[in-house]
Structure formats: structure tokens, C-alpha cells
Amino acid sequence: MRGGRGACADFCRMETDCNPMELSSVSGFEEDAELNGFEGTDMKDMRLEAEAVVNDVLFAVNTMFVSKTLRCADDVAYINVETRERNKYCLELTEAGLRVVGYAFDQVDDHLQTPYHETVYSLLDTLSPAYREAFGNALLQRLEALKRDGQS
């Protein structure tokens with residue numbers, strides 16, 4: 001298990017290969033969206049998307065929150081994150097994905113050219129070995145809980 005991180009690293013890599021459009025054929029997502037009146041709605045409130053991103057991975061970082069200083073709009077939101085290694089980043093969230101735009105909270109460096117990541121898992125996987133470890137531990141705990149539930 002390569003220092004306890006192998007399974008997590010493999011799982012995190014699988015996350016980056018996930019295509020959200022595949023969900024419609026698997027879970028009936030399209031039908032649910034049509035029933036709720038969202039058919040054809042392309043507009044997203046990126047602040048809501050950013051809040052969801054934060055809630056997904058808050059357990060595996062020191063701190064993470066949507067910026068109250070930088071402008072959020074329908075097409076962009078900014079997230080501040082401090083990794084467990086105590087490195088601070090300002091992330092930009094757009095339809096293209098997530099990317100680092102600064103190396104301090106609420107800082108945007110227009111000259112910084114960093115790659116976009118499709119998921120927050122992929123981005124944090126590249127920035128923080130401690131994130132990978134925390135994510136892997138959480139995954140193992142969940143699998144153990146499922147195993148216990150299956151045996152009862």
C-alpha cells in the first residue's frame with residue numbers, strides 16, 4: 001500500500017476521470033432535472049457550487065471557505081484553502097474547473113498560469129500529500145463501516 005497512500009492516490013486519480021455527464025445514464029439525473037423544471041438551464045450560481053466544493057473536502061484541509069472579499073458571480077467564485085501543510089491558496093472556480101490563482105487568501109495573480117482541474121479532489125491531490133492521506137483514511141474508515149454494517 002505504498003506508505004498508506006496507494007489506495008487513496010488510485011481513488012483520487014479515478015475521481016479525475018469521472019465525467020459528470022455519465023451520471024445521467026447511471027442515476028436518472030436527467031429525468032430528475034426535467035421533473036424539477038431545470039431542463040435546459042445552463043446558468044449556475046458559482047457561489048453555491050463553491051460552497052458544495054468546500055463542504056466536500058473540508059474534513060481533509062486545515063481551513064477552506066468561499067471568499068467574502070473577491071467578487072463571486074454566475075460564472076466565477078473564489079475559494080481560500082489552507083492545506084494541512086499550512087500552505088495557503090486562492091482558488092478560482094469556473095465552468096472550466098478549479099485552479100490556483102494566488103498563494104495567499106483573497107489574492108489573485110493575473111500573471112499566474114496554472115492548470116485547471118476538473119475536480120477539487122484532483123487539485124488537492126496535487127497540492128497536498130496530507131490531503132491524500134486524510135482522504136485515504138476517511139475512505140478506509142467508510143469501507144470498514146460498510147463492512148461492519150454488512151456483517152450485522
Side-chain angles (χ1 to χ4, degrees), residues 1-29 32-33 36 38 43-109 112 114-152:
M1 216 172 134
R2 296 189 308 258
R5 295 186 186 156
C8 179
D10 293 341
F11 180 77
C12 293
R13 273 193 284 281
M14 286 191 300
E15 282 293 324
T16 61
D17 295 336
C18 178
N19 179 353
M21 297 310 291
E22 292 172 358
L23 293 176
S24 64
S25 63
V26 174
S27 67
F29 178 78
D32 292 343
N36 291 322
F38 293 113
M43 289 297 289
K44 288 184 179 179
D45 181 348
M46 281 298 164
R47 178 176 280 285
L48 294 175
E49 293 285 326
E51 293 289 350
V53 165
V54 168
N55 290 331
D56 278 351
V57 295
L58 192 55
F59 71 94
V61 297
N62 277 355
T63 189
M64 189 173 195
F65 57 94
V66 178
S67 174
K68 291 177 176 45
T69 305
L70 299 173
R71 174 191 67 85
C72 287
D74 289 339
D75 62 344
V76 65
Y78 295 94
I79 300 170
N80 294 313
V81 61
E82 181 182 75
T83 65
R84 290 189 173 191
E85 294 88 357
R86 303 224 180 273
N87 296 322
K88 293 182 179 182
Y89 301 94
C90 183
L91 310 177
E92 176 189 75
L93 173 64
T94 66
E95 286 292 328
L98 287 139
R99 70 182 184 109
V100 174
V101 293
Y103 295 105
F105 288 173
D106 297 321
Q107 173 190 314
V108 176
D109 180 349
L112 198 58
T114 58
Y116 282 98
H117 293 261
E118 287 185 32
T119 66
V120 67
Y121 315 109
S122 170
L123 177 72
L124 288 173
D125 188 58
T126 64
L127 296 177
S128 173
Y131 162 80
R132 283 193 299 270
E133 186 173 350
F135 191 91
N137 289 338
L139 182 61
L140 287 174
Q141 289 174 359
R142 186 128 192 224
L143 290 172
E144 288 170 1
L146 287 171
K147 184 179 177 183
R148 280 193 306 272
D149 291 346
Q151 292 176 349
S152 25

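Numbers here simply count residues along the sequence, with the first being 1.
Taking each heavy atom of D75 and M46 in turn, the nearest pair found is C-CG, 3.5 Å. Between F59 and A134, the shortest heavy-atom contact is CE1-O, 4.0 Å. Listed here is the closest heavy atom pair of L91 and V101: C-CG2, 4.2 Å. For the pair V108 and C90, the tightest heavy-atom approach, listed with the atom from each and the gap, is CG2-SG, 4.5 Å. Summarising the geometry of S67 relative to R47, their closest heavy-atom pair is O-NH2, 3.6 Å, with the distance given to 0.1 Å. Among all heavy-atom pairs drawn from Y78 and C72, the shortest one is N-SG, 4.0 Å.
Distance OH/Y121 to OG1/T126: 15.0 Å, rounded to 0.5 Å. Taken to the nearest 0.5 Å, the OG1 atom of T63 stands 12.0 Å off from the CZ atom of R84. Interatomic distance, L139 CG to E144 CD, rounded to the nearest 0.5 Å: 10.0 Å. Note: Q107 CD to T69 OG1 = 12.5 Å, rounded to the nearest 0.5 Å. A distance of 8.5 Å separates OH in Y103 from CG in D109, rounded to the nearest 0.5 Å. Note: N62 CG to K88 NZ = 10.0 Å, rounded to the nearest 0.5 Å.
With respect to Y131, the side-chain contact (heavy atoms from CB on, under 4.5 Å) criterion is satisfied by exactly one of T83, V57, V120: V57. Checking each of F65, Y89, F105 against E82 for a side-chain contact (heavy atoms from CB on, under 4.5 Å) leaves exactly one that passes, namely F105.
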Please step through side chain to side chain contact (heavy atoms under 4.5 Å, CB included) for the pair E85 and L127, ending with a clear verdict. CA-CA 9 Å; E85 294 88 357; L127 296 177; over 6 Å; no

Any chance you could lay out the side chain to side chain contact (heavy atoms under 4.5 Å, CB included) test for N137 and E133, step after step, and finish with the verdict? CA-CA 6 Å; N137 289 338; E133 186 173 350; 3.8 Å; yes

Any chance you could lay out the side chain to side chain contact (heavy atoms under 4.5 Å, CB included) test for I79 and L98, step after step, and finish with the verdict? CA-CA 9 Å; I79 300 170; L98 287 139; 4.2 Å; yes

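By the 4.5 Å heavy-atom criterion applied to side chains, L124 and H117 are not counted as neighbours.
R132 contributes a side-chain N or O that, together with a main-chain N or O of D125, makes up a donor-acceptor pair within less than 3.5 Å. T114 places a side-chain N or O within 3.5 Å of a backbone atom of V100 that can act as its donor or acceptor partner. Remark: side-chain polar atoms of N80 are not paired, donor with acceptor, to backbone N or O of M64 under 3.5 angstrom.
Checked by atom type, the side-chain pair E92/Y116 shows a donor-acceptor distance below 3.5 Å.
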